[in-house]
Amino acid sequence: MVDTMSAASARRTGLAAQGFGRARPGVVSTRTLASAIDRLGLIQIDSVNVFERSHYLPLFARLGAYDRSLLDRMLFAPPGRYVEYLAHVACFIRTDDWPLFRWRMDEYRAKHTSGSAWVQSNGRMLDWLRDALADAGPLAASEIEHEANRRRGPWWGWSDVKEGLEYLFWWGEVVSAGRTRFERRYALARDALPAEVLAREVSREDAYRELLSRSARAHGVGTARDFADYYRLKGPVVAQALHDLQDSGELVPVRVHGWPDAGSGRPVPAWRHRDARVPRRLDAEALLSPFDPVVWERARTERMFGFHYRIEIYTPQPKRVFGYYVLPVLIDDELVGRVDLKSDRQAGTLRVRAAWSEHGAAEAHVDRIAHLLHEAAAWQGLDGVEVDERGTLAPLLRAAVRTSRV
């Protein structure tokens, strides 16, 4: 017999698994931060800094204001408890988890050595980079002098040195060894990682099973596509691993009312993790990064919240619908609106360039949203909040911001 859940119950279960609905700690320590990261399993990295770099934001959403220098010391020091790899995309993961992605490193190497014209024509460059890191690493790409260490194209273009280092990073020969002014430093894996981590071999099948187990725990409840996307897993190995986890009792089959299959209209197959908490109600207030795990899988975001979300950073300004750096607003167990934020450090202001209500849901919570914005401004070291005129929620939010305080 398959268990059943309401869509609202599934939504609360998913948010609880992500760490929402818990009382915020009075003091956020490194232990608190580590516990939150370990619950999520990974933190996505993104360089956009118009409001705040994304890796800081999931922890702020779950814990409230904290000292970002604590997180910097945890993440940006040479490999300690955490290291970077392409786990979802570029993410911070626990160093102990690095072997779980060895199969991906091998697949990247096979793909690039057979299909990349750059790799095939730059073997000497790759050997030279290996030698440079062996002699002087860890190094940032900008610290390596070479005639090919020049960016190509516009500002986001990579030099050949940077491109070579990234290939070695994808293949697992090189790892992140901290960052300086957010620029990644590289070191040979053999010089930077613990011997036990380097020696541990994990088969693709075992890695998939472990990663899907962690994904299911981080989702609480979800579909095969939901679970697989968390670590970007593909292919028939996913189905076999889910079958194994169900057989072991770790995953419990469920049908969620309101989660229809697009083809048949029947409830889509789903599972609940056996340890998932299923709250009767959930109290939460948060601004979600565009790269928060809650909204990673856009189809899941629509299914769970009825919230259509696309990031518009790379959309030309005249074609943007909601704004440049738009954060969904979570109130309790609903995404009620979205705000386009910019930290105007010169003016000392958190600027809300646009504010939108989702089907009229945000208006009843405008004071809570104003409080969130003041809290975010204070965390950023800004003196206040200014709301521009754009968006369906803007007039009401502007008035609420002016009368509220943290």
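Nothing here was measured: the structure is a model prediction, and the numbers come from that model.
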Is the Lys NZ or Arg CZ of R68 less than 6.0 Å from the centre of W379's six-membered ring, within 45° of the axis? yes
Can you list the residues that meet the ring pair (Phe, Tyr, Trp, His ring centres under 6.0 Å) rule with H88, with sequence neighbours excluded? W296
Ring pair (Phe, Tyr, Trp, His ring centres under 6.0 Å) partners for Y186, two or more places apart: none
Applying side-chain hydrogen bond (donor to acceptor under 3.5 Å, both in side chains), name anything that partners E107, two or more places apart in sequence or on another chain.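 Listed in chain order: R204.
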Applying side-chain hydrogen bond (donor to acceptor under 3.5 Å, both in side chains), name anything that partners E358, two or more places apart in sequence or on another chain.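 Result, side-chain hydrogen bond (donor to acceptor under 3.5 Å, both in side chains) vs E358: R338.
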Hey, are H112 and W170 close enough side-chain-wise for a donor-acceptor pair under 3.5 Å? no
May I ask you to check whether D340 and W356 show a side-chain donor-acceptor distance below 3.5 Å?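 Note: D340 and W356 side chains miss the donor-acceptor criterion.
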Rounded distance (nearest 0.5 Å) linking atom CZ of R320 with atom CD1 of I313: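 Rounded to the nearest 0.5 Å, the CZ-CD1 separation comes out at 8.5 Å.
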Using 0.5 Å steps for rounding, measure from the CG atom of D244 to the CD atom of Q240. 4.5 Å
Please output the side-chain donor-acceptor pairs of residues 177-184 that fall under 3.5 Å, not counting sequence neighbours, one pair per line with the distance.
residue, atom, partner, partner atom, Å
R179, NE, E84, OE2, 2.8
R179, NH1, F182, O, 2.7
R179, NH2, E84, OE1, 2.9
E183, OE1, S142, OG, 3.0
E183, OE2, S142, N, 3.2
E183, OE2, S142, OG, 3.0
R184, NE, E84, OE1, 2.8
R184, NH1, E166, OE1, 3.4
R184, NH1, E166, OE2, 2.7
R184, NH2, E84, OE1, 2.8

Taking salt bridge (charged side-chain N to carboxylate O under 4.0 Å, His left out) as the definition, give me every residue that meets it alongside [X], ordered by chain and number, with sequence neighbours left out.
X: D344; value: none
X: D275; value: R217
X: D388; value: R351
X: D333; value: R11, R12

Using the test side-chain contact (heavy atoms from CB on, under 4.5 Å), find all partners of [X] that sit at least two apart in sequence or belong to another chain.
X: H257; result: T4
X: R39; result: R22, S35, A36
X: T301; result: V295, F305, F307, L335

Is the shortest distance from a Lys or Arg side-chain nitrogen in R368 or D332 to a carboxylate oxygen in the other one below 4.0 Å?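 Yes, charged N to carboxylate O under 4.0 Å.
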